[in-house]
> 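Below is a structure I'd like to ask you about.
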Amino acid sequence: MHPSIEDYALIGDHQTAALVGRDGSIDWLCLPRFDSAACFAKLLGDEENGHWRIAPKEAKGAKGADVCTRRAYRTDSLVLDTEWETEDGTVRVTDLMPQRDRAPDVVRIVEGLKGRVTMRSTLRLRFDYGSIVPWMRKSDGHRVAVAGPDSVWLRSEPEVRTWGKDFGTHSEFEVAEGERVAFVLTWHPSHEPRPARVDPYEALAESVSDWQAWVARCRYDGPHRDAVVRSLITLKALTYAPSGGIVAAPTTSLPEEIGGVRNWDYRHCWLRDSTLTLGALLACGYQEEAAAWRDWLLRAVAGDPAELQIMYSLAGERRIPEFELAWLPGFRGLAPVRIGNDAVRQSQLDVYGEVIDSLSLAQHAGLPAKPHVWRLRQALMDFLWSAWREPDEGLWEVRGPRRHFVHSKVMAWVAADRTVRSLEENPGLSGDVDRWRAMRDEVHREVCERGYDPERNTFTQSYGSRELDAALLLIPRLGFLPPDDPRVIGTVDAVRAELTRDGLVRRYDSDPTAIDGLPGNEGSFVVCSFWLADALHLTGRTKEALALFERLVSLRNDVGLLAEEYDPVAGHQLGNFPQAFSHIGLVGTALTLFDGEGDRGGAGGSEEEGAG
């Protein structure tokens with residue numbers, strides 16, 4: 001039986017990540033980067049598309065051989081312990097990816113805890129998303145797999161016997177109480193020499209120590225600190241260390257609806273996440289990570305403002321062509337499997353507001369100044385001066401016709417508002433404050449006139465429509481209107497009435513006759529439910545906000561991870577996993593509810609970078 005999305009745990013090395021199932025199988029791993037082709041793609045196919053399972057031998061009468069008895073991350077780390085209790089004893093498999101020096105490694109340590117257990121390792125390497133079976137050979141006690149540009153080395157300590165069968169590499173061994181067997185799988189370009197070996201036991205000790213030292217920097221000390229810390233660890237794990245970019249998720253094509261076609265590649269970096277990510281990192285004390293993300297943002301958006309994209313690849317690459325992999329049947333047979341994302345070509349005007357809000361927030365928080373930032377902000381505002389009047393695809397990347405989305409206009413207001421604040425608070429900056437103040441007022445007036453339905457007392461998804469949008473919940477957080485404004489309260493109530501299912505929030509009405517031009521539906525969007533909790537708190541309904549937050553925390557899987565969406569009827573997570581946006585939402589709402597400092601979504605703040 002195919003696992004559910006929530007059956008997986010995450011390990012990673014800050015450049016890529018793997019998903020490990022409850023059955024001890026690594027079913028997804030892209031090497032050497034998050035967006036590289038997978039060498040284990042069982043997640044989107046079957047065992048023949050690549051996986052690596054280490055578990056007790058499946059023998060008649062053995063209890064717990066198929067699914068582990070329990071699993072957990074070691075305290076404040078991304079090191080995963082999975083345990084099985086069998087008739088013969090108890091065994092633990094510890095999985096990690098140590099921070100790499102030159103090459104990525106997967107370390108798996110098997111340790112006997114009680115009795116004597118027979119273990120089996122089955123490794124099926126399949127390069128290029130499960131389509132290429134590599135040539136295997138032995139070399140100096142190692143198994144070496146080579147195909148095209150990829151080479152993988154497998155070794156064990158102490159060495160265990162391996163054999164080839166059915167295009168896989170197998171081994172069988174026993175561990176008694178107190179005994180350990182370690183496996184290390186190392187990737188490198190096939191044309192380069194084998195990288196230096198890592199000591200698996202030193203790697204384990206260093207990984208635990210490094211993660212715990214990182215977590216010790218966290219300033220949050222309120223309720224649900226364990227959930228906040230796990231979310232921060234997940235965000236760190238989704239960070240591409242060489243550039244500072246944060247991927248939306250380490251996976252592609254996990255379905256937003258069982259039986260639907262809403263399967264997308266999320267192994268890229270979205271500008272829409274920027275302000276919320278910065279706010280969460282800064283509020284929790286992670287200045288270095290926030291600065292790295294800000295610097296990635298500056299490099300990515302450099303260039304003609306008219307060509308600003310909604311997303312970029314890990315190092316800021318702009319080309320992310322979308323295509324389908326016909327040989328992969330998809331998660332539980334739910335095709336298509338998509339690589340790349342055509343939404344990169346969309347026009348989403350909200351990203352200008354998100355970039356400018358992020359840069360204002362970074363300066364307000366005291367991140368090291370960059371002398372060219374103000375010139376960049378001026379260039380973005382010069383483009384937005386006329387562009388804000390145009391329709392776009394909106395932040396949800398709908399593949400229907402362009403519209404005048406209210407959230408896009410609100411974010412244009414945010415861009416003007418933050419620019420006006422900067423000029424008012426910093427006389428040394430050059431800029432036409434009257435021009436941007438006039439734009440701010442015009443956008444605000446138009447949104448209140450054309451994006452508001454007075455009969456229903458709610459803002460709408462787009463001008464002249466009756467549909468709603470969960471992004472409207474951000475209006476008070478962004479400062480567009482105060483929380484006690486009757487229009488804000490009416491909008492929050494309307495979203496609760498029309499977009500919630502079993503108490504959780506959908507992004508919008510996904511009826512294809514409405515806006516997105518796609519068949520089927522989707523689950524409740526996790527971050528939108530956190531936005532609802534924020535809005536309830538801001539509008540004076542803190543008791544309801546706390547109850548919703550408690551429920552959302554309970555939706556995490558057994559190791560504290562959240563996918564993009566959740567099906568409240570079936571009780572399963574949906575969409576790409578784990579999802580950065582969901583974990584950003586958890587951290588942000590915890591700060592809003594418990595940290596006593598309210599809005600983290602962006603404040604104008606001071607500019608100390610000079611007139612440039």
Side-chain angles (χ1 to χ4, degrees), residues 1-9 22 224 227 230-231 234 248-249 251 253-264 266 331-332 334 396 461 467-474 491-512 514-516 518-537 541 543-590 592-593:
M1 183 176 179
H2 206 292
S4 298
I5 290 171
E6 61 266 21
D7 287 334
Y8 288 100
R22 294 177 187 267
H224 291 291
R230 180 53 51 194
S231 291
T234 303
T251 57
S253 302
L254 292 180
E256 297 176 7
E257 178 193 25
I258 300 301
V261 297
R262 300 165 187 266
N263 304 349
W264 313 111
Y266 275 17
F331 179 81
R332 293 189 174 179
L334 301 173
W396 301 128
Q461 184 176 55
E467 292 91 1
L468 298 180
D469 190 320
L472 300 171
L473 295 168
L474 295 173
T491 300
V492 175
D493 290 342
V495 168
R496 293 180 81 184
E498 298 184 29
L499 289 186
T500 59
R501 179 174 59 169
D502 196 26
L504 302 178
V505 184
R506 293 175 292 128
R507 294 184 293 178
Y508 52 83
D509 182 358
S510 55
D511 183 335
I515 63 159
D516 69 17
L518 294 169
N521 293 291
E522 63 178 15
S524 300
F525 209 75
V526 173
V527 75
C528 295
S529 295
F530 283 115
W531 293 349
L532 176 57
D534 294 341
L536 289 171
H537 172 65
R541 292 170 278 187
K543 184 176 180 180
E544 295 171 70
L546 290 168
L548 178 56
F549 181 75
E550 294 284 347
R551 183 180 178 196
L552 291 169
V553 169
S554 75
L555 300 184
R556 301 178 305 147
N557 74 353
D558 60 311
V559 291
L561 301 180
L562 287 166
E564 177 186 23
E565 301 187 8
Y566 187 81
D567 183 343
V569 176
H572 288 297
Q573 299 199 30
L574 294 170
N576 285 300
F577 174 87
Q579 178 81 356
F581 219 13
S582 300
H583 287 281
I584 293 166
L586 188 154
V587 175
T589 300
T592 298
L593 292 175

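Scope of the values below: all heavy atoms of this structure, side chains included, with no hydrogens, waters or symmetry mates.
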> Which value, rounded to the nearest 0.5 Å, describes the distance between N557 atom CG and D7 atom CG?
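These two atoms lie 8.5 Å from each other.
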> Do V495 and W531 come within less than 4.5 Å of each other through their side chains, counting heavy atoms only?
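V495 does not reach W531 side chain to side chain.
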> Quick one, R22 and D558 - any side-chain contact, counting heavy atoms below 4.5 Å?
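Result yes, sub-4.5 Å side-chain heavy-atom pair found.
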> Report yes if some heavy atom in the side chain of F525 is under 4.5 Å from a heavy atom in the side chain of V527; otherwise report no.
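When only atoms from C-beta onward are counted, V527 and F525 do touch, with a gap below 4.5 Å.
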> Ignoring hydrogens and angles, tell me if any N or O in the side chain of D567 forms a donor-acceptor pair with the backbone of G571 under 3.5 Å.
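Side chain of D567 to backbone of G571, a donor-acceptor pair under 3.5 Å: no, none is there.
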> Which value, rounded to the nearest 0.5 Å, describes the distance between L548 atom CG and H537 atom NE2?
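The NE2 atom of H537 is 13.0 Å from CG of L548, to the nearest 0.5 Å.
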> Classify the ring geometry of Y508 against W396: parallel below 30°, tilted from 30° to 60°, perpendicular beyond 60°.
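Ring orientation, 0 to 90° scale: tilted.
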> Please assess S529 against R551 for the test side-chain hydrogen bond (donor to acceptor under 3.5 Å, both in side chains), listing each intermediate value before the final yes or no.
CA-CA 10 Å; S529 295; R551 183 180 178 196; over 6 Å; no
> Atom CD of Q461 and atom CG of L472: how far apart are they, to the nearest 0.5 Å?
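One gets 8.0 Å once the value is rounded to the nearest 0.5 Å.
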> Can you find a heavy atom in the side chain of L555 that is under 4.5 Å from one in the side chain of L504?
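Yes - at least one pair of side-chain heavy atoms lies under 4.5 Å apart.
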> Can you confirm whether Y266 sits close enough to T251 that some side-chain heavy atom of one is under 4.5 Å from a side-chain heavy atom of the other?
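They are not in side-chain contact.
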> Are any of the side-chain heavy atoms of L254 and L574 separated by less than 4.5 Å?
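A side-chain contact under 4.5 Å is absent here.
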> Apply the test side-chain contact (heavy atoms from CB on, under 4.5 Å) to residues R496 and L532: give CA-CA distance (whole Å), side-chain angles for both, the deciding distance (0.1 Å), then the verdict.
CA-CA 8 Å; R496 293 180 81 184; L532 176 57; 3.7 Å; yes
> If you round to the nearest 0.5 Å, how far is CD of E564 from CD1 of I5?
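It is 9.5 Å, given to the nearest 0.5 Å.
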> What verdict does the side-chain contact (heavy atoms from CB on, under 4.5 Å) test give for E498 and D509, after you've listed the backbone C-alpha separation in whole Å, the side-chain angles of each residue and the deciding distance to 0.1 Å?
CA-CA 9 Å; E498 298 184 29; D509 182 358; over 6 Å; no
> Treating Q573 as the side-chain partner and P578 as the backbone partner, does any N or O pair qualify as donor plus acceptor under 3.5 Å?
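Here the side-chain-to-backbone pair does not exist.
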> List the atom of A545, the atom of L593, and the distance in Å for their closest heavy-atom pair.
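Between these two residues, the closest heavy atoms are CB-CD2, 4.0 Å.
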> Measure the shortest side-chain to side-chain distance between T589 and L552 over non-hydrogen atoms and say whether it is less than 4.5 angstrom.
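No. Closest side-chain heavy atoms not under 4.5 Å.
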> Do D469 and R506 meet the salt-bridge criterion of a basic N to acidic O distance under 4.0 Å?
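No salt bridge links R506 with D469.
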> Under the side-chain contact (heavy atoms from CB on, under 4.5 Å) rule, collect the residues that match up with S231, sequence neighbours excluded.
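By the side-chain contact (heavy atoms from CB on, under 4.5 Å) rule, S231 matches H583, L586, V587.
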> How about H224 and F549: are their ring centroids closer than 6.0 Å?
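Between H224 and F549, the centre distance is under 6.0 Å.
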> With distance as the sole criterion, is a donor-acceptor pair present between the side chains of R507 and S524 under 3.5 Å?
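Absent: no donor and acceptor within the cut-off.
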> Out of curiosity, L468 CG to T491 OG1, how far, rounded to the nearest 0.5 Å?
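These two atoms lie 8.0 Å from each other.
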> Using a 4.5 Å cut-off on heavy atoms from C-beta on, say whether the side chain of D502 contacts that of V569.
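V569 does not reach D502 side chain to side chain.
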> Any idea which heavy atoms bring S253 and N576 closest together, and the distance?
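Taking every non-hydrogen atom into account, N-OD1, 3.4 Å.
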> How close do L473 and C528 get, heavy atom to heavy atom, and via which atoms?
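Scanning both residues, the minimum pair turns out to be CD1-O, 3.8 Å.
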> Quick one: does N263's side chain have a donor or acceptor within less than 3.5 Å of a partner on L334's backbone?
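A pair under 3.5 Å: yes.
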> So, using ring-ring contact (aromatic ring centres under 6.0 Å, His included) as the criterion, who are the partners of Y8 when residues are at least two apart?
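For Y8, no residue satisfies ring-ring contact (aromatic ring centres under 6.0 Å, His included) once neighbours in sequence are set aside.
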> Please report the closest heavy-atom contact between A563 and S582, naming both atoms and the distance.
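In terms of heavy atoms, the two residues are closest at O-OG, 2.7 Å.
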> Starting at CZ of F581, measure out to CD of E565 and round the result to the nearest 0.5 Å.
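Rounded to the nearest 0.5 Å, the CZ-CD separation comes to 12.5 Å.
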> Kindly say whether A227 contributes a backbone atom to a donor-acceptor pair with the side chain of R230 at under 3.5 angstrom?
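Side chain of R230 to backbone of A227, a donor-acceptor pair under 3.5 Å: no, none is there.
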